[in-house]
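What follows is a short report on a single structure.
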Amino acid sequence: MGKPLFQAAEILDMAIEIERQGLAFYSGCAAARATESVATVFEYAAEEERRHIETFSKMKRDLAEYTIPESYPGETRSYVRGFVGTRVFQSVDEATCSAEEMADELEAVEKAVELEHGAISFYTGAKELVRESEREIIDEIIAEEHQHIRNLLRLKHDLTAGSDEEPQDEPHSEV
Amino acid sequence: MSETGHLDHPEDITAFYQPVMARVITKQRLTEMMVLLRLQLDSAEPLDHNPGEFLQISLPGYGEAPISFCSSPTQTKSFELCVAAVGNLSEAMHDLRPGDFLGVRGPYGHGFPIEEMRDRDILCVAGGIGLAPLRSLIKYVADRRPEFERMVLVYGARMPDEQLFKDDLDVWDAREDFETLYTVDEPDDQWTGRTGVVTEPLREEVQINPERTTAVVVGPPVMYRFVAAELLEKGMSEENILFSLERRFKCGMGKCGHCQLNDLYVCQDGPVFRYTDLIGRSEAIEVWAPEDERE
């Protein structure tokens with residue numbers, strides 16, 4: 001049985017935090033890489049994160065506000081950030097190093113896909129931490145991430161156009 | 001009066017409300033907001049409290065408030081209270097000097113289940129001023145170390161200046177039979193330790209055997225659910241997770257209802273609760289997310 005530790009609105013706060021981390025991570029990757037094509041991939045991924053921040057913020061507006069008195073301003077945000085931690089994204093410094101080691105734009109897309117799968121894994125776990133009645137909202141977050149992966153795979157397909165590689169379908173088993 | 005503070009006979013009522021006098025032995029400023037008072041009953045008798053229990057403290061003209069013990073019952077000649085300046089009474093307590101008197105009644109409440117905790121690993125997770133009530137347990141374990149297995153303390157403060165009991169923190173850190181992890185959320189230029197909230201070192205650095213560990217969690221309301229999530233992820237059962245909750249106590253005897261938590265009275269049934277005791281209790285908002293009321 002899942003433990004209703006959080007409300008869906010709080011998972012959305014975590015999702016927004018993850019997207020912020022992703023934005024910083026991908027922006028760091030884009031800035032670090034000399035090759036323009038790799039930078040373009042990461043800029044695209046960063047833009048997707050920006051779009052998700054807006055989407056999740058809009059979703060949150062429709063949910064009840066649940067607040068616990070803070071012992072200092074920003075305490076809840078600190079705990080949200082601490083909870084998200086490095087479960088999905090590494091630090092921006094690590095992102096920079098990681099991007100510098102990438103051979104080409106295909107590797108960059110693969111890295112982004114891997115990270116988005118990590119985010120889906122996080123939300124799948126988070127689903128167990130909300131009441132059953134609110135799990136639909138978490139499914140919407142997961143669906144957004146699957147769409148992000150599909151977009152990345154389409155990009156990968158476009159990058160490999162001309163080669164023999166076929167676009168792969170993105171599995172949906174987690175939803 | 002029974003061990004748990006419940007009244008056995010009506011004639012107990014007078015004794016229950018009657019404070020006894022305690023004298024301030026020493027006063028030590030811990031932070032800008034907190035002082036540590038060492039007190040002794042006028043009769044010089046020990047209070048025989050258990051770690052996690054509390055006293056009702058009164059000063060004529062200022063009122064009465066509950067304050068948890070922060071000293072171990074192994075310290076028999078005096079007891080200590082850590083007082084945050086948050087209201088008229090506590091601010092007046094900050095002005096007390098050695099030799100001054102105040103009224104005390106108690107001890108009250110259910111503290112930590114020491115007997116069950118013996119021969120087990122103890123994982124203490126404290127946030128902010130939550131270290132104060134937890135100190136009574138930590139010092140108890142320190143004084144009776146062979147009776148317990150591992151002793152792990154994870155403590156987070158907002159900033160270095162707000163760390164409580166710095167001398168104790170150093171002593172515990174130096175002990176080979178204690179594992180300590182201290183962190184601050186907002187470091188200053190001099191801070192060289194961990195940064196972040198208490199859940200970060202708990203997740204990343206603490207490995208436990210969930211079967212043999214009892215976790216004790218005391219801190220600000222925001223902290224509890226995040227710590228619970230980490231502990232559950234580490235495989236702990238709710239049965240072995242203890243929370244000490246803070247509510248506005250008034251009478252201390254389950255009559256006034258100020259500290260009611262659904263069908264429980266925190267002053268009598270708590271302040272220490274097993275996680276399992278709080279399941280389904282909607283007013284335990286620190287440890288469970290409430291239902292969205294629009295449903």
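Everything numeric here is computed off the predicted structure, so don't read it as measured data.
- The list of salt bridge (charged side-chain N to carboxylate O under 4.0 Å, His left out) pairs with a residue in residues 156-165 of chain B, not counting sequence neighbours, reads B/R158-B/E186.
- Residues satisfying the ring pair (Phe, Tyr, Trp, His ring centres under 6.0 Å) test with B/F112, not counting sequence neighbours, are none.
- The two residues A/G82 and B/V197 have their closest heavy-atom pair at CA-CG2, 4.1 Å.
- Only the backbone of B/V287 comes within contact range of chain A, with at least one heavy atom under 4.5 Å from a heavy atom of that chain.
- Using a 4.5 Å heavy-atom cut-off against chain B, the contacting residues of residues 68-78 of chain A are A/I68, A/P69, A/E70, A/S71, A/Y72, A/P73, A/E75, A/T76, A/S78.
- Counted within 6.0 Å of CZ on B/R203, heavy atoms from surrounding residues, nucleotides or ligands total more than 12; the atom is thus considered enclosed.
- The number of heavy-atom neighbours closer than 6.0 Å to CG of B/L202, taken from other residues, nucleotides and ligands shown, is above 12.
- Atoms CZ and CD, on A/F83 and B/E233 in that order, are 6.5 Å from each other to the nearest 0.5 Å.
- For A/E140, there are no salt bridge (Lys or Arg N to Asp or Glu O under 4.0 Å) partners two or more places apart in sequence or in a different chain.
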Worksheet entry | From CA spacing to verdict: side chain to side chain contact (heavy atoms under 4.5 Å, CB included), A/L129, B/L232 | CA-CA 11 Å; A/L129 301 177; B/L232 294 172; 5.8 Å; no
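- Looking only at side-chain heavy atoms (C-beta outward), A/Y79 and B/T199 come within less than 4.5 Å of each other.
- Within a 6.0 Å radius of CD in B/E204, more than 12 heavy atoms belonging to other residues, nucleotides or ligands are found.
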